Protein chains: 2
Amino acid sequence: MPRPADPHAREALLRAARSEFARQGIDRARVGDIAQKAGLSKGAFYLHFASKQDAFREMVQRFIGVLEEHAARRKEALRRLQDELQGAEPGRARAAGFEGECALDVEVLDALWRNREVLSVLDGASAEPHRPLVSAFRQRLRDMLIGDVAERQAEGGLRADLDPEAVADAVFGVYETFGHRMAGLREKPDLGGWARTIRTILYEGLLPPPGCTVPAHAQDVSRRRGD
Amino acid sequence: MPRPADPHAREALLRAARSEFARQGIDRARVGDIAQKAGLSKGAFYLHFASKQDAFREMVQRFIGVLEEHAARRKEALRRLQDELQGAEPGRARAAGFEGECALDVEVLDALWRNREVLSVLDGASAEPHRPLVSAFRQRLRDMLIGDVAERQAEGGLRADLDPEAVADAVFGVYETFGHRMAGLREKPDLGGWARTIRTILYEGLLPPPGCTVPAHAQDVSRRRGD
DNA sequence: GAGTTTCCTGACCCGCCGGTCAGCAAAGCG
DNA sequence: CGCTTTGCTGACCGGCGGGTCAGGAAACTC
């Protein structure tokens with residue numbers, strides 16, 4: 001009669017793996033330390049995973065699943081929001097649309113917060129032999145984002161004079177930097193505030209809005225200065 | 001009479017080191033391979049550097065120097081541009097200012113292009129024991145950027161209602177993603193186009209500009225949809 | 001309680017590689 | 001050319017750690 005595997009072993013090993021990967025990087029993380037952290041042995045690790053790299057692969061695949069789930073839910077929620085706001089007065093629709101979208105962004109940021117160790121690990125895994133897996137992961141996210149942007153541009157929601165790939169990369173970059181910020185925090189930040197800031201920067205840009213009290217001369221010239 | 005060191009040895013070793021670091025990551029890069037790539041021996045490597053980590057540190061410090069030099073030159077060039085555009089008609093000043101700034105951005109992007117291997121290395125060095133050095137490097141860049149943003153906000157060039165740290169992080173994120181793009185390219189991209197695209201996204205945001213032909217209703221609702 | 005099967009353990013093996021060092025030779029002066 | 005000093009070489013050493021495996025024990029059925 002076969003002995004059933006400890007149902008928690010695999011999860012514990014994965015949790016320990018990502019913690020050690022985040023702390024030491026994949027290459028320097030030791031299987032012995034991972035197993036010990038999980039309360040198991042090296043042999044147990046190798047029962048569940050073919051190799052360290054295998055554990056890393058599963059960690060990434062799970063994270064992809066999380067992000068794709070969020071993307072699907074967000075898409076559907078945006079559609080429902082759009083339907084709800086039809087017929088509403090443009091001003092109210094705009095404000096409610098913005099807040100609604102920010103609320104959805106908060107969910108994504110929350111998922112990033114809960115997976116901030118994974119973000120750290122992925123950060124430090126851009127060289128061989130991890131590169132193919134991480135490149136594929138990034139490209140998958142990028143493709144999702146590019147599709148989104150192109151769709152929004154086609155329906156007039158985003159300016160259509162910019163290359164969707166460039167836009168997607170800019171958006172990706174902003175989220176990634178905010179993801180980095182999470183790595184260094186002990187407590188959950190104000191994700192609502194982050195969502196509004198990110199959305200404002202991405203939608204409206206960094207220039208002062210029209211009607212600003214700065215002298216037109218100073219504004220016209222310094223306005224084109226950069227970061 | 002002391003034998004002078006080969007004047008090219010250190011440079012050759014650093015070039016080889018960054019190439020191998022970019023390819024394999026610091027931890028998996030082998031000193032034997034680095035030395036061989038430089039046309040020298042392991043012993044020669046250890047004559048010039050205390051350790052692999054030491055070579056990495058010098059690589060990062062040189063890159064900081066490059067970026068700081070560019071930041072200083074850019075600051076000075078912007079000041080000169082500002083003086084030149086004083087008294088000019090606002091419309092012309094704005095357009096000329098934008099193009100002038102893009103030209104300066106091209107120089108920064110060019111520096112990133114020439115150091116794209118370093119960008120790759122830094123990408124993959126976020127775990128211990130490299131973390132302190134890389135975090136310090138990033139924080140230094142971030143501080144420069146935050147200072148810039150705060151200054152621009154104070155003089156009305158950038159909208160002042162956003163946290164300068166958040167703005168700096170967003171800008172940093174965008175440049176970083178475009179830096180990533182460079183890693184995968186064989187030939188220099190159209191940096192002028194990149195500069196304009198980045199500047200447009202950061203200054204004006206992703207929403208369609210006023211006067212767009214999309215129906216107001218569709219625009220008002222879908223306008224608040226996101227990435 | 002006995003028997004069977006599988007899970008888990010942790011000692012072990014082997015290859016790898018960072019860093020060392022004895023010795024060779026290049027550089028340059030007198 | 002001889003001598004001195006230092007740069008450079010590459011064999012060597014020792015520690016490390018990925019992965020293996022023989023054996024113990026847990027799980028479960030009869």
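Order of the sequence lines fixes the chain letters, A, B, ..., with proteins taken first and strands second; residue numbering starts at 1 for each chain. Computation of the quantities below employed the complete heavy-atom set of this structure, encompassing side-chain atoms and omitting hydrogens, waters and symmetry-equivalent molecules. The model shown is predicted, which means the values in this text are computed figures rather than measured ones.
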Would one find more than 12 heavy atoms of other residues, nucleotides or ligands at under 6.0 Å from atom CD of B:Gln36? no
Spacing between B:Ile34 atom CD1 and C:dG19 atom C1', to the nearest angstrom: 13 Å
Without swapping roles, check the side chain of A:Lys52 against the backbone of A:Ile26 for a donor-acceptor pair under 3.5 Å. yes
Please determine whether a side-chain nitrogen or oxygen atom of A:His48 lies at a distance below 4.0 Å from atom OP1 or OP2 of C:dC7. no
Checking all strands, does B:Ala50 fall into the base, sugar-phosphate, or nothing category for heavy-atom contacts under 4.0 angstrom? nothing
Rounded to whole angstrom units, what separation is found between the NE2 atom of A:His8 and the P atom of C:dC7? 17 Å
Does B:Arg114, at its CZ atom, have more than 12 non-hydrogen atoms belonging to other residues, nucleotides or ligands within less than 6.0 Å? yes
Check: B:Arg116 side chain, B:Trp113 main-chain N or O, donor-acceptor pair, under 3.5 Å: yes
Mind checking B:Ala29 for me? I need base, sugar-phosphate or nothing, with any heavy atom below 4.0 Å counting as a touch. sugar-phosphate
Using the closest heavy atom to pick a nucleotide of DNA chain D for each, name whichever of A:Gly32 or B:Pro7 lands nearer the 5' end. B:Pro7
Would you check if A:Leu67 and A:Asn115 make a side-chain contact, meaning some heavy-atom pair closer than 4.5 Å? no
How close or far is atom C1' of D:dA26 from atom CG of A:Leu47, stated in whole angstroms? 14 Å
Answer yes or no: is there an ion pair linking A:Arg15 with A:Glu11, defined by an N-O contact shorter than 4.0 Å? no
Nearest-angstrom distance from the residue atom CD of A:Gln53 to C1' of D:dG17: 16 Å
Just how far, in rounded Å, is P of D:dG18 from CZ of A:Arg28? 12 Å
Please tabulate, one pair per line, each protein N/O and nucleotide N/O from nucleotides 10-16 of chain D that are separated by under 3.5 Å, including the distance.
{"unit_1": "D:dG10", "atom_1": "O6", "unit_2": "B:Gly43", "atom_2": "N", "d": "3.3"}

Could you state the atom-to-atom distance from CZ of B:Arg3 to C1' of D:dT9 in whole Å? 10 Å
C:dG10 C1' sits how many Å from A:Tyr46 OH, rounded? 13 Å
Rounded interatomic separation in angstrom, taking CG from B:Leu13 and C1' from D:dG7: 12 Å
Under a plain distance cut-off of 3.5 Å, with no hydrogens placed, do A:Gln53 and A:His130 share a side-chain donor-acceptor pair? yes
